[in-house]
Protein chains: 2
Amino acid sequence: MPFTYEFPHPAVATDIAVFTLIAGDLSLLLIKRGGPPFEGSWALPGGFLAPDEDLDSCAHRELKEETGVDAELLFHFANFSAPDRDPRQRVVSIAYLALLRFDLITLKAGSDAADARWFPLASLPNLAFDHREIVDVAVRTLRERLGDLAILFALLPQSFTLTAMQDAYDAVAGAPIDKRNFRKVVFDAGLVEDTGELSRGRHRPARLYRRKQPS
Amino acid sequence: MPFTYEFPHPAVATDIAVFTLIAGDLSLLLIKRGGPPFEGSWALPGGFLAPDEDLDSCAHRELKEETGVDAELLFHFANFSAPDRDPRQRVVSIAYLALLRFDLITLKAGSDAADARWFPLASLPNLAFDHREIVDVAVRTLRERLGDLAILFALLPQSFTLTAMQDAYDAVAGAPIDKRNFRKVVFDAGLVEDTGELSRGRHRPARLYRRKQPS
DNA sequence: GCATGTTTGTGTATTGACGACACTATGTAA
DNA sequence: TTACATAGTGTCGTCAATACACAAACATGC
């Protein structure tokens with residue numbers, strides 16, 4: 001690594017693909033841009049790296065500023081660094097993926113955000129910058145990681161029925177999984193424990209489970 | 001993302017963990033630092049992002065400057081961004097992993113590098129900055145990706161014996177695999193094709209194979 | 001040319017993971 | 001009490017992964 005760095009430094013920002021489950025649909029949090037460029041377009045939440053924080057902290061901070069919650073599940077998945085991806089100045093984007101329960105949060109429009117909304121993944125609007133590409137990679141990454149069923153807990157309340165857990169799986173995977181096979185895997189892996197309580201609804205009650213902490 | 005960026009921008013650099021196979025040992029390319037900080041210490045090759053290139057291009061360029069070759073296998077695997085990881089200035093490191101044949105390259109010490117050498121992974125010297133952590137994560141990532149045996153081709157000549165391919169596997173995995181099982185997987189996956197030629201050595205000749213391009 | 005040494009090359013059996021597949025049980029509501 | 005909707009449950013076949021041992025081929029040295 002050379003001593004001297006003859007070039008201007010790029011800005012470094014985190015962009016966060018925040019997913020949640022709304023009425024059975026995997027949905028993405030988007031911010032309406034309040035100024036140029038792409039004024040009025042929708043974009044991923046995110047923001048610039050501050051001097052005293054690392055990238056993970058930056059992503060956590062930005063997400064908290066936007067949603068008010070500390071995400072259970074938030075991790076880096078790719079970088080986006082085309083020189084002209086932002087017309088104003090060079091910005092290297094460090095992309096993060098988050099999962100959280102939408103009902104825990106209250107969306108706050110930031111200083112430059114005109115609006116904030118959840119969009120079902122199947123009906124996203126046009127996105128600013130290269131954010132569509134970022135989202136595509138995020139969805140791919142999310143599905144790859146679904147082999148670890150524990151990520152579903154980030155989308156579920158503390159106690160939940162196995163049907164709810166499977167609905168979450170189906171929504172993330174984008175395709176349904178067999179009920180008996182799903183339950184077998186969940187039980188064999190020791191992911192959940194019975195709370196002893198039952199859900200009550202319009203039909204047969206279901207057992208309520210909670211996450212079993214790995215021992 | 002705010003319009004204005006009130007903070008000084010960090011420098012952005014790629015650091016590259018370059019692995020090769022030397023005499024059966026998985027080995028890592030290190031550069032001896034020619035100036036402070038950590039003068040005389042060994043460090044990963046890498047360098048700062050130029051204005052007209054993205055991060056992948058930066059990694060390719062730096063690797064080529066250092067080794068003279070375009071790596072077959074070069075990919076991003078993690079970011080390192082602790083605010084104080086470089087005592088001179090803030091540097092965000094985008095870490096890449098490369099595999100290549102050491103016999104194809106001639107090491108060139110760069111302007112600020114006093115020396116460049118291959119070190120067997122089992123006997124690395126102390127490293128500058130947080131490069132030891134980067135290397136640890138790189139090795140873990142490399143072993144995770146070994147499920148894809150095709151990465152081994154980056155370490156092998158155009159034609160090779162299956163024993164050589166397995167030796168490469170064993171070196172990367174850090175543990176031996178059963179010979180018959182290894183061959184079964186390689187053949188069943190259709191990774192190689194017979195060249196029709198034989199190696200000649202001190203003992204029974206072995207069939208030479210080449211990589212079969214996925215059709 | 002024969003014996004020795006070293007490496008090549010080959011098949012089967014066990015186990016566990018994954019996926020396909022259908023019916024009964026239990027509650028609510030009309 | 002009947003109809004309806006959802007909860008809950010087991011088996012079988014296939015494939016992937018692993019463990020495991022011996023004969024064949026060539027080089028070398030005597």
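All figures in this text were calculated on a predicted structure; none of them were measured in a lab. Residue numbers begin at 1 in each chain, while the letters A, B, ... track the order of the sequences.
Aromatic pair B:Phe19/B:Phe102: centroids not less than 6.0 angstrom apart.
Look at A:Asp86 and A:Arg90 and you find no salt bridge, because none of the NZ, NE, NH1 or NH2 atoms lies under 4.0 Å from a carboxylate O. One finds no salt bridge joining A:Glu144 and A:Arg140 here, because no Lys/Arg side-chain nitrogen approaches an Asp/Glu carboxylate oxygen to under 4.0 Å.
Figure legend: A:Arg145 and A:Phe75 shown as a cation-pi pair, the cationic atom lying under 6.0 angstrom from the six-membered ring centre and within 45 degrees of its axis. A cation-pi arrangement, defined by a distance under 6.0 Å to the six-membered ring centre and an angle within 45 degrees of its axis, is present between B:Arg117 and B:Phe119.
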Contacts under 3.5 Å, N or O only, protein and nucleotides 20-22 of chain D:
| unit_1 | atom_1 | unit_2 | atom_2 | d |
| --- | --- | --- | --- | --- |
| D:dC20 | N3 | B:Arg180 | NH2 | 3.3 |
| D:dC20 | N4 | B:Asp178 | OD2 | 3.0 |
| D:dA21 | N1 | B:Arg180 | NH1 | 3.4 |

For nucleotides 27-30 of chain D, tabulate all protein N/O to nucleotide N/O atom pairs closer than 3.5 Å, reporting atom names and distance.
| unit_1 | atom_1 | unit_2 | atom_2 | d |
| --- | --- | --- | --- | --- |
| D:dA27 | O4' | B:Arg202 | O | 2.4 |

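Distance, B:Asp188 CG to D:dT18 P: 14 Å, rounded to whole Å. In this structure, CG of B:Leu198 is placed 11 Å from C1' of D:dA25, rounded to the nearest angstrom. Rounded to a whole Å, the CZ atom of B:Arg207 is 13 Å from the C1' atom of D:dA24. The interatomic distance linking A:Asp167 (CG) with D:dA7 (C1') rounds to 13 Å, in whole Å. The separation between A:Glu197 atom CD and D:dA7 atom C1' is 17 Å, rounded to whole Å.
Of the residues A:Phe38, A:Trp42, A:Phe80, the one that meets the ring pair (Phe, Tyr, Trp, His ring centres under 6.0 Å) test with A:Phe129 is A:Phe38.
Contacts between chain B and DNA chain C, taken as any atom within less than 4.0 angstrom of a protein heavy atom, begin and end at C:dG5 to C:dT12.
Nearer to the 5' terminus of DNA chain C, by closest-nucleotide assignment, is the contact made by B:Thr161 (compared with the other of B:Thr161 and B:Lys184).
Remark: B:Leu44 CG to B:Asp15 CG distance equals 5.5 Å, nearest 0.5 Å.
The two residues B:Val92 and B:Arg85 make their nearest non-hydrogen contact at C-NH1, 4.5 Å.
Counting heavy atoms of neighbouring residues, nucleotides and ligands inside a 6.0 Å radius, atom CD of A:Glu193 exceeds 12 of them. Surrounding CZ of B:Arg210 are more than 12 heavy atoms belonging to other residues, nucleotides or ligands, all under 6.0 Å away.
Across all strands, A:Thr163 comes closer than 4.0 Å only to sugar-phosphate atoms, never to a base (heavy-atom distances).
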Exercise for review: Apply side-chain hydrogen bond (donor to acceptor under 3.5 Å, both in side chains) to A:His76 and A:Asp56, showing your working.
Suggested key: CA-CA 8 Å; A:His76 167 64; A:Asp56 285 358; over 6 Å; no

